[in-house]
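Take a look at the structure set out below.
Chain letters run A, B, ... following the sequence lines, proteins first and then strands; every chain starts at 1.
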2 protein chains.
Amino acid sequence: MVRNRPTIEEVARRAGVSPATVSRVLNGTARVSRDKVRAVLEAVEALGYTPSPQAQSLAKGRSYAVGIILPDFSSAFYGPILEAITLELESTPFRPIAVPGHWSLVRELEALDFLKGHRVEALLLLGTSLESSALKNLNMPVLAFGQPLEGPRVWSLVLDNRQAAYRATRYLLDKGHRKIAHISSHRGGMDIRERLLGYRKAMREAGLEVRVVYGNLQEDGGYRATQELLSRYPDTTAIFAANDQTAFGARLYLFKQGVRVPEDISLMGFDDIPLAAYHIPPLTTVRQPAGEVGHALIEALKNLLEGKEPQFPFIALDLVERASVKEVGT
Amino acid sequence: MVRNRPTIEEVARRAGVSPATVSRVLNGTARVSRDKVRAVLEAVEALGYTPSPQAQSLAKGRSYAVGIILPDFSSAFYGPILEAITLELESTPFRPIAVPGHWSLVRELEALDFLKGHRVEALLLLGTSLESSALKNLNMPVLAFGQPLEGPRVWSLVLDNRQAAYRATRYLLDKGHRKIAHISSHRGGMDIRERLLGYRKAMREAGLEVRVVYGNLQEDGGYRATQELLSRYPDTTAIFAANDQTAFGARLYLFKQGVRVPEDISLMGFDDIPLAAYHIPPLTTVRQPAGEVGHALIEALKNLLEGKEPQFPFIALDLVERASVKEVGT
DNA sequence: CTGTTAGCGCATTCAA
DNA sequence: TTGAATGCGCTAACAG
């Protein structure tokens, strides 16, 4: 099942050289005479030889693998980030091993063990809720996105969610809204809590009532949260959801109730997942640039693996004005 | 970087036994006295030992890895299937290695090489356009979804896309529509072509004009295709898109033109990706059940790896009636 | 029940 | 420039 692929030994025999020489030409690790190079290449071609990364990893003492823990492969937000990372990694010798944590701390710890077992050379944490203590004696560098983690070899790329949420709320205020609600979630990491704080700050500064309900960061949670929201606060004129998927759920509930967006209620999301631009009406939201985040993480990773100190660029969370927010008379 | 993790040898020394014994207790591969078991377990715990899958793989001659090639991690359709597969695999000793092919044959072949190199024990092909010849001397079983592939150890799970598209078109006809257009794509595999054929068949049977334009299976392509569609056939009353994302793109164009859905034009998609139910209006579409597909693939895989012949269950493609199609007077 | 031995496929010494 | 020898971490076969 696995033992049937050609080994370096067979290639060597066919080329009339030693395994060491085959290794040398394949890795360019020493000069080899032209004839032998050709012979080796021919043999490799004829046999369809591919070196075993497992064996290479054992022999070299490194895996050239980077571990990635993310919540879910089907996530509309982390999927694109993973995609960006995979793309960026292609130009390096490193390969990603991605494991979903399924929003559960236990699963995340299992994922961590799995990746430790695989001897990954670095860890990328995307939207996990792992604590710093879990990374205690980890012996490898860790890059976290979405959550500030502590540790000697831990670096976090955290965007200013609080400030962005503050500005988003201010935007609604500037549009004349006063009864503004926020749909948050108990699930999710620090970024979600930061968005809540940003919303609260803006509302308090404006001397307005804070209206918060909770979903699960998915569409169905947004739907139910909106139901609750409107029964508790029927006069709400604007809803700021903690992420786009929640906003979509809210939108559906409003649609079913015959509430128009943005004519009756304005709606704002967070993340700017690809579908936000194609929603009806196109969703006004705060953009978290997946491509830039992926790029930044991989750049940092490269520096790290070369022994340099990683540098994160500043990544702005900009408001994307589309069509789901309307100005209202004050 | 990698050489600093404890090895089986250190565990053995600390427990006062031989490495073989450690291996035995960890793998339950032979009876070991209670004392030594305890000593080993203690040592493992104290050292935080995790076996190296690399070394295990080498020694055992098998990798316990299954390779998965899919178009894109950020795909709204394949993402959930990958997620389902990952979940199903958790109860088996096998682990997935997923590689994106990015809709490119070259990339898919590279992915194939990569997975061969990793000595995966089976291959799962999700929506690739690989040809049977590429799987010629592959030495491992292959399970393909979405595309019928030939080969001695190749099995394909292909759903009846043509029939489903035929029924979908018939549904529109039954609702009184006569000017029905289809947005297909040159990209994509056989399933997309089959949907086109199903549409054509229904239209021809009804003696109606076939109206086809082409997108790229993404939202932007659907947007542009609809633009072209309405300029060529302004009197179209229903659009059947080859997938949901295309339908979303179409929806946005219609929205911007002030065309109402479903009042002015009815819209139907294909796939039933999670967001379809949350679109505005909720999208009537044909459901490809990601969970069932993932389950079926893994069941087949299990049989395969136990040496049995894999069996695929029949998976129906059912129409999901939501709110984007309206009945019109004939 | 348990230790010793011999590889798994490869890269890297060390000599020649 | 090249081959032989050694070891990466682990399991399996073979003796006891």
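- Between Ser33(B) and the phosphate of dT2(C), there is a side-chain N or O to OP1/OP2 separation shorter than 4.0 Å.
- Of the charged side-chain nitrogens involved, at least one lies within less than 4.0 Å of a carboxylate oxygen, so that Glu90(A) and Arg107(B) count as a salt-bridged pair.
- End-to-end axis angle of the helix from dC1(C)-dG16(D) to dA16(C)-dT1(D), from C1' rotation axes over five pairs per end: 40° (rounded to 10 degrees).
- Closest to the side chain of Lys36(A), out of dG9(D), dG3(D), dT1(D), is dG3(D).
- Between Lys116(B) atom NZ and dG9(C) atom P the separation is 17 Å, expressed in whole Å.
- Side-chain contact between Phe94(B) and Ile298(B) is absent, with no heavy atoms from C-beta onward closer than 4.5 Å.
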Summary of protein contacts for nucleotides 10-16 of chain D, nucleotide by nucleotide, where a base hit scores B, a sugar-phosphate-only hit scores S (4.0 Å, heavy atoms): BSBB---

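- Using a 4.5 Å heavy-atom threshold, the side chains of Leu89(A) and Thr86(A) count as separate.
- Side-chain N or O atoms of Ser156(A) include one that pairs as donor or acceptor with a backbone N or O of Gln147(A) at under 3.5 Å.
- Spacing between atom CZ of Arg62(A) and atom C1' of dC8(D) amounts to 15 Å, rounded to whole angstrom units.
- Side-chain N/O atoms of His102(B) and Glu108(B) include no donor and acceptor closer than 3.5 Å.
- At distances below 3.5 Å, not a single donor-acceptor pair connects side-chain atoms of Arg62(B) with backbone N or O atoms of Arg119(B).
- Side-chain contact between Phe73(A) and Leu70(A) is present, with at least one heavy-atom pair separated by less than 4.5 Å.
- Set against dG3(D), dG9(C), dT2(C), the side chain of Leu58(A) has dG9(C) as its closest nucleotide.
- Under 4.0 Å is where a charged nitrogen must lie from a carboxylate oxygen, and between Glu10(B) and Arg13(B) no such pair does.
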